[in-house]
Number of protein chains: 2
Amino acid sequence: MNEGRRPATSTDVARRAGVSQSAVSRAFTPGASIAEETRRKVEEAARALGYRPNAIARSLTTRRSRIIGMAAAYLQNQFYPEVLEAMSRGLRARGYQLLLLMPEHGRHADPLLEEVMAWQVDGLILASTTLSSALAEQCRQAGIPVLLFNRTTSTAHVSSVTGENHRGGQRIADLLVAGGHRRFGFVAGIENSSTSQERERGFTEGLARHGFDLPARAVGSYSFEAASAAARNLLARADRPDAIFCANDHMAIAVAEVARHEFGLRIPEDLALVGFDDTAPAKWRSYALTSFSQPLQPMVDAAVALVCEMIENPAAPTRQAVVPGELVMRASTRLPESGWLDRDGQRIWRGHESG
Amino acid sequence: MNEGRRPATSTDVARRAGVSQSAVSRAFTPGASIAEETRRKVEEAARALGYRPNAIARSLTTRRSRIIGMAAAYLQNQFYPEVLEAMSRGLRARGYQLLLLMPEHGRHADPLLEEVMAWQVDGLILASTTLSSALAEQCRQAGIPVLLFNRTTSTAHVSSVTGENHRGGQRIADLLVAGGHRRFGFVAGIENSSTSQERERGFTEGLARHGFDLPARAVGSYSFEAASAAARNLLARADRPDAIFCANDHMAIAVAEVARHEFGLRIPEDLALVGFDDTAPAKWRSYALTSFSQPLQPMVDAAVALVCEMIENPAAPTRQAVVPGELVMRASTRLPESGWLDRDGQRIWRGHESG
DNA sequence: CCGGGCCTTGCATGCGTATGCAAGGCTAGC
DNA sequence: GCTAGCCTTGCATACGCATGCAAGGCCCGG
């Protein structure tokens, strides 16, 4: 064993095993042509020297880094850490490492991503971050697959994985109307985020279908503080909403706190509350938040599969994958008065979904 | 602009700028000897070709990857995502990238870390993950600095950054005793985690100093589900505790849910509850959890500084940094009956701390 | 017994950048 | 005007590994 010295190289192993450096390389390359006997000798020498192939050097010759960059704007919303965790495991299972990129608060992710291109990442996953069309074009030229996660973009033709934002918003409208609510509120995420826009559009369209007005709205910017302020705004109105849909669970919890502890409202008696994502805190019984789910593992699996596919076949057309979710009813909303049906002994709320 | 071709190399830039490849390299190396005029020509050519130095190739020659691997066992506990976020930004500010490592559930991190050594990472930060002494030795030989975050280890001489686990436990004991509680419970994290052990030891020693017994204890393994089970266990006892200290906030919230919704207990009237970390959910008013803080930014700053220092000076002795926290009192515990003092017009609870 | 073909191996080279070394140009001082 | 010395530059090479190519060995069929 060498002490503090530089790590053993394939040449060191070759010398010790009495073979050529190429043989060592082949011994560590699955599927390479090498005799069983030679491989054994190499492996023995490698073990004795504590040798591991240098991934940096390997990347240089193969021109594939087996690194995927993943950008996320913030991790306060529980949804993202869980995505990150699953993504890291999922990518690793396919032999990729995950490089984590957190843009500075309030800054655009572009400079960060550009920096990461120096790392020759094999792919880029953008969660809760948009991609400027300039950078998208740059990636396309560099042949770096880009995948938007929980976002889409209109400015460029990019692949994406999202939940059923539009349908989710509709279902929530259906549920709230069926629960007998009449004055609706919406707390938006970041204004120009496609996710928030689609959820809102589904919601307002759903309401309109039942003959209800556009809801009162306020902007929560996906942050706890801004959502709290939005809640104060909405709840102080003369025509206070009796049902509020928040663009995600994280903001819904902020609204719940303000409603209960600043306005003394009971949920759902005085105010129904719905979120989106169905994250862990939504399940905590102090909130028991009704939420439209974005199933974590399926979404991550789809993302991993898609990005790998894009790497293997760069010429493939872009794809927009939509992972189905479902409305998870909990105690933060009243049960609907109608629209129930029995299936396999379970009581399912079908609602008035026309689709 | 080249379409879909391989990215421009320093040689391409050199040719276009009419200089040698070395000149291009020097133009991108801060502090290298190069004429202003030449640098200008190189920069112009580089811009025209969309050139960025290849970090992989650079790492190969410089023998420094500027990548730091960070392992975390789980991200459910809000503490870790926030650490991750701050760590990524902090490292980036010093020119390092963060490679995220999530061991498979229930598996040891060793194989993962070994795999990452192939990436020639410049350093390794282990959060909520232990390091086998075998691997620690291997890292030492390879000259890879290792930093334990929110953990220590007795089996090897390794640097670490932690909060005031022992003192925190003591303070909590002081607070609960001062609040008039008499039957104490403790929910441990993973049994062999130094963090949980130290907090428990501080707690029991603190209690003992006031003449109280070792508390009833149960194991929550840092998970929500296990902590819920632990709570059921503790709360079903004939001598039900009237105060429970949980080794972290995440588990404390699980206990709060069970206490309220399964046992109909009021907090803090029937049961006082204390956590550790002072994460975001502890501040949510539905919990208003008293907690001993682990200040995020100072801990991360210390970790980043320490790991960089270790990289620059590999021969430096290991260090155990302890970042001071404070007891944050909220509504989940009764206010203590004594021990208050005025300072600068603020009412400070000094407690009976002897240290 | 001979030849074709497959398996295995080593040689040589390339991946893109950094850097020691020596040469050349230029400035300043005498 | 000459030389010492600094600044700048290019050349050559190294970093550690993968891989095309050709040579050698072996087996098997004819």
Side-chain angles (χ1 to χ4, degrees), chain A residues 2 5-43 45-46 49-67 95 117-122 142-143, chain B residues 2 5-43 45-46 49-67 95 117-122 142-143:
Chain A
N2 56 338
R5 211 157 322 197
R6 60 168 36 110
T9 71
S10 59
T11 309
D12 298 332
V13 176
R15 195 174 309 125
R16 174 160 183 138
V19 298
S20 73
Q21 179 265 328
S22 328
V24 177
S25 170
R26 287 191 253 263
F28 283 90
T29 306
S33 161
I34 189 170
E36 200 45 54
E37 165 68 8
T38 313
R39 153 170 285 135
R40 209 191 42 68
K41 281 195 297 184
V42 169
E43 275 171 0
L49 295 175
Y51 169 78
R52 334 196 96 260
N54 181 328
I56 302 267
R58 173 175 288 182
S59 298
L60 188 59
T61 59
T62 59
R63 308 168 149 287
R64 320 189 86 213
S65 64
R66 303 209 70 90
I67 289 183
M117 290 179 63
W119 273 102
Q120 317 291 107
V121 292
D122 288 345
Chain B
N2 56 339
R5 211 156 322 196
R6 60 168 37 108
T9 72
S10 59
T11 309
D12 299 331
V13 176
R15 194 174 309 125
R16 175 164 183 134
V19 298
S20 73
Q21 180 267 326
S22 327
V24 177
S25 170
R26 286 192 253 265
F28 284 91
T29 305
S33 162
I34 189 170
E36 200 46 54
E37 165 67 9
T38 312
R39 152 169 287 134
R40 207 191 42 68
K41 279 195 299 185
V42 169
E43 276 171 0
L49 295 175
Y51 169 77
R52 332 197 97 262
N54 181 327
I56 302 267
R58 172 176 287 182
S59 298
L60 187 61
T61 58
T62 60
R63 309 168 148 286
R64 318 190 88 214
S65 63
R66 303 209 70 90
I67 289 183
M117 290 179 62
W119 273 101
Q120 316 292 104
V121 291
D122 288 345

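Here is how names work: the chains are called A, B, and so on, in the same order as the sequence lines, proteins then strands, and each is numbered from 1.
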Sugar-phosphate only, base, or nothing, as touched by Val19(B) at under 4.0 Å among non-hydrogen atoms: sugar-phosphate
Options dT19(C), dA18(C), dG10(C), nucleotide nearest the side-chain atoms of Ser22(B): dT19(C)
salt_bridge(Arg40(B), Glu37(B)) N-O dist < 4.0 Å: yes
Leu60(A) side chain, from C-beta outward: closest of dT19(D), dT9(C), dG16(C): dG16(C)
dC17(D) OP1/OP2 closer than 4.0 Å to side-chain N/O of Ser10(A): yes
Which atom of Asp122(B) lies closest to which atom of Arg64(B), heavy atoms considered: OD1-CA, 3.7 Å
Closest listed nucleotide, where the reference is the side chain of Asn54(B) and the choices are dG16(C), dT19(D), dG16(D): dG16(C)
B/S/- contact track for nucleotides 22-28 of chain D, protein heavy atom under 4.0 Å: -------
Touch class at under 4.0 angstrom, heavy-atom based, for Ser25(A) against every strand present: base
Residue mapping more 5' on DNA chain D - nearest nucleotide basis, Arg26(B) or Thr61(B): Arg26(B)
N/O (side chain, Arg63(B)) to phosphate O (OP1/OP2, dC15(D)) under 4.0 Å: no
Ala23(A) side chain, from C-beta outward: closest of dC17(D), dG10(C), dG16(C): dG10(C)
Sugar-phosphate, base or nothing in reach of Ser33(B), heavy atoms under 4.0 Å: base
Close side-chain approach of Trp119(B) to Ser59(B), heavy-atom, < 4.5 Å: no
Under-4.0 Å side-chain N/O to phosphate OP1/OP2 contact, Ser20(B) with dG10(D): yes
